[in-house]
2 protein chains.
Amino acid sequence: MAVAERLTRQEQRERNRLKLLEAAEKVFAERGIQGASIDEVAAEAGLTKGAVYSNFASKEELLIEVMRHRLGGEARAQADRLLHSGRDSEALVEEFGRYWAERVRGGDQEAFAQMTVELMIHATRNPAVREQLVDLVFPTAGEGRHPLSPPGSALAGLPYEQADAILKSLDIGMRLLVLLAPERCPPELFATALRLLAAPRPDHP
Amino acid sequence: MAVAERLTRQEQRERNRLKLLEAAEKVFAERGIQGASIDEVAAEAGLTKGAVYSNFASKEELLIEVMRHRLGGEARAQADRLLHSGRDSEALVEEFGRYWAERVRGGDQEAFAQMTVELMIHATRNPAVREQLVDLVFPTAGEGRHPLSPPGSALAGLPYEQADAILKSLDIGMRLLVLLAPERCPPELFATALRLLAAPRPDHP
DNA sequence: CCTTTCAGATACTGATTGGTATTCGGATAT
DNA sequence: ATATCCGAATACCAATCAGTATCTGAAAGG
């Protein structure tokens with residue numbers, strides 16, 4: 001039996017805010033950003049519209065907070081995992097490939113991919129959102145810079161920015177394709193492409 | 001002075017249908033699929049809602065027709081261009097890279113990329129649309145199969161389906177990234193990635 | 001205890017939208 | 001020339017939704 005928890009006001013508020021962020025992510029993914037209604041987000045969190053507008057100024061702000069909440073955690077998780085897998089070139093590539101396939105399956109991740117793509121499109125039309133999203137996707141601090149481009153590989157012959165952009169394109173593009181037609185695009189394909197991209201260069205010892 | 005053209009009913013109708021399809025593509029891209037209103041589409045075409053519902057059963061059908069109209073033409077154009085560029089491996093890769101960078105710039109293409117991505121997301125949530133879109137993106141007939149995977153390259157070592165899916169992922173992903181942050185992802189990057197993917201394999205004569 | 005405070009519930013509004021019912025005017029047929 | 005037809009315009013409707021204004025009950029504070 002769970003003890004009926006006594007929660008202070010602040011705790012309650014924080015808990016509700018989190019519930020709203022998670023509900024919003026789910027509903028945004030399910031219905032689309034424009035198609036999602038504040039009422040449904042609130043209901044999904046077991047609250048009402050009042051709670052939403054008490055915690056966020058507008059739908060737009062809610063969206064930005066969801067994005068920050070999720071994308072931040074994501075980047076951190078990825079960097080962590082890759083940093084802990086040793087720095088050997090091939091091992092790194094394999095680990096990244098495995099990581100990708102793993103995530104792209106989780107039911108939770110599906111919603112995430114969907115929301116990310118939708119968010120990018122939305123950002124394209126909204127300068128304020130765009131700026132924030134670009135900062136999240138391309139962190140300027142050395143922080144989020146994942147350690148791909150293993151030395152000696154073809155990818156490594158490129159400036160970091162270029163290798164990064166290529167990997168991110170492939171990442172997001174393949175997520176979208178997996179979402180659209182999993183039967184045509186199995187998750188293992190990412191690792192395959194990665195191996196091609198990071199293959200040792202014949203003409204470059 | 002243009003002669004005031006006498007148009008037969010059928011001609012007029014066809015002309016209006018086309019105007020609507022083009023207007024719809026533009027408005028869908030600008031506002032998003034859910035955000036676009038039938039009224040705005042009609043206005044963009046210089047017509048009214050009546051014309052839309054006279055030519056298409058619903059917003060959904062309009063969407064599908066736009067998709068068929070545009071995606072069909074696109075695939076044809078691409079196949080044409082690549083077929084006419086000779087079959088030499090490197091030349092093919094370079095031509096594809098050039099083609100990509102060219103298109104991604106055209107103001108028209110921006111709307112197209114935006115709509116395509118949005119369409120994919122939309123399809124993810126709508127089985128009927130999904131099926132049709134998958135057929136357009138992965139044509140089963142030998143028709144749309146573009147002739148990439150030049151022999152001798154690493155890509156060519158893969159089954160056609162896999163190479164195709166990888167290229168399409170990179171294509172759509174990079175289009176999205178260019179849209180979001182052109183300063184981080186110049187159009188030339190596609191050719192760069194392509195060269196890496198199609199590089200001759202060191203261990204495979 | 002009793003008052004104050006405030007997070008969240010409830011009630012409401014103005015604007016928008018997909019879709020329909022009806023009308024209108026020019027092309028077509030006779 | 002006139003009657004018919006039909007593609008598109010106009011008018012209308014019910015539903016939805018972001019945002020606001022107001023209220024309420026329980027925690028904070030004394």
Side-chain angles (χ1 to χ4, degrees), chain A residues 3-66 118 122 125-126 128-129, chain B residues 3-66 118 122 125-126 128-129:
Chain A
V3 175
E5 344 172 26
R6 284 265 143 201
L7 290 180
T8 138
R9 269 224 190 145
Q10 175 131 15
E11 285 169 336
Q12 185 67 253
R13 189 168 169 80
E14 273 164 22
R15 211 168 57 90
N16 284 345
R17 191 187 141 94
L18 200 67
K19 276 205 272 182
L20 286 170
L21 285 175
E22 280 161 6
E25 184 184 329
K26 185 173 171 199
V27 175
F28 280 146
E30 263 167 17
R31 307 284 204 209
I33 291 175
Q34 318 201 50
S37 79
I38 300 284
D39 276 316
E40 193 180 347
V41 169
E44 175 73 33
L47 298 166
T48 65
K49 207 197 296 207
V52 175
Y53 280 98
S54 165
N55 281 280
F56 307 93
S58 65
K59 190 181 179 179
E60 180 94 357
E61 199 196 282
L62 171 60
L63 179 69
I64 291 180
E65 291 305 311
V66 169
E118 194 129 22
H122 184 80
R125 296 191 198 100
N126 187 321
V129 178
Chain B
V3 175
E5 345 173 26
R6 283 266 144 200
L7 291 180
T8 143
R9 269 226 185 139
Q10 175 133 16
E11 285 169 336
Q12 186 65 253
R13 188 168 170 79
E14 273 164 22
R15 210 168 57 91
N16 284 345
R17 191 187 140 93
L18 200 67
K19 276 205 273 182
L20 286 171
L21 285 175
E22 280 160 6
E25 183 183 329
K26 187 174 169 196
V27 175
F28 280 147
E30 263 168 16
R31 305 283 204 210
I33 291 175
Q34 318 202 50
S37 79
I38 300 284
D39 276 316
E40 193 179 347
V41 169
E44 176 73 34
L47 297 166
T48 66
K49 207 197 293 208
V52 174
Y53 281 98
S54 163
N55 281 280
F56 307 92
S58 65
K59 191 180 178 180
E60 180 94 357
E61 197 195 284
L62 171 60
L63 179 69
I64 291 179
E65 290 306 311
V66 169
E118 194 128 23
H122 184 81
R125 296 192 199 99
N126 187 320
V129 178

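In what follows, every chain begins at residue 1, and chains take the letters A, B, ... in the order their sequences are listed.
Note on B:N16: every side-chain N or O is 4.0 Å or more away from OP1 and OP2 of D:dG7.
Between the CD atom in B:E14 and the CG atom in B:N55 there is a gap of 10.0 Å [rounded to 0.5 Å].
Contacts of B:D39 classified as side chain to side chain donor-acceptor pair (under 3.5 Å), with partners at least two apart in sequence or in another chain: none. Remark: A:S58 engages A:E60, A:E61 in a side-chain contact (heavy atoms from CB on, under 4.5 Å) (not counting sequence neighbours). Here A:Q12 pairs with A:R15 under the side chain to side chain donor-acceptor pair (under 3.5 Å) rule; sequence neighbours left out. By the salt bridge (Lys or Arg N to Asp or Glu O under 4.0 Å) test, A:R13 pairs with no residue at all, sequence neighbours left out. Under the salt bridge (Lys or Arg N to Asp or Glu O under 4.0 Å) criterion, A:R31 pairs with A:E40, not counting sequence neighbours. A:Q34 pairs by the side chain to side chain donor-acceptor pair (under 3.5 Å) definition with nothing, not counting sequence neighbours. Shown here are the side chain to side chain donor-acceptor pair (under 3.5 Å) partners of B:E65, two or more places apart in sequence or in another chain: B:R17.
Here the P atom of nucleotide D:dA8 and the CZ atom of B:R17 are 11 Å apart, to the nearest Å. Rounded to whole Å, the distance from CG on A:L18 to P on C:dG8 is 13 Å.
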Could you run down the sub-3.5 Å N/O contacts of the protein with nucleotides 1-4 of chain C?
none

Write out a two-atom table: protein N or O, nucleotide N or O from nucleotides 28-30 of chain D, distance below 3.5 Å.
{"unit_1": "D:dA28", "atom_1": "OP1", "unit_2": "A:T8", "atom_2": "OG1", "d": "3.2"}
{"unit_1": "D:dA28", "atom_1": "OP1", "unit_2": "A:R9", "atom_2": "N", "d": "3.1"}

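Contacts between residues 19-33 of chain B and DNA chain C, defined by a heavy-atom separation below 4.0 Å, involve no residue at all. Of all the residues in residues 34-59 of chain A, A:L47, A:T48, A:G50, A:A51, A:S54, A:N55 reach under 4.0 Å from DNA chain C with at least one non-hydrogen atom.
The stretch residues 42-53 of chain B participates, sequence neighbours left out, in these side chain to side chain donor-acceptor pair (under 3.5 Å) pairs: B:K26-B:E44.
Within the 4.5 Å cutoff, the side chain of B:E22 has heavy atoms near those of the B:L18 side chain.
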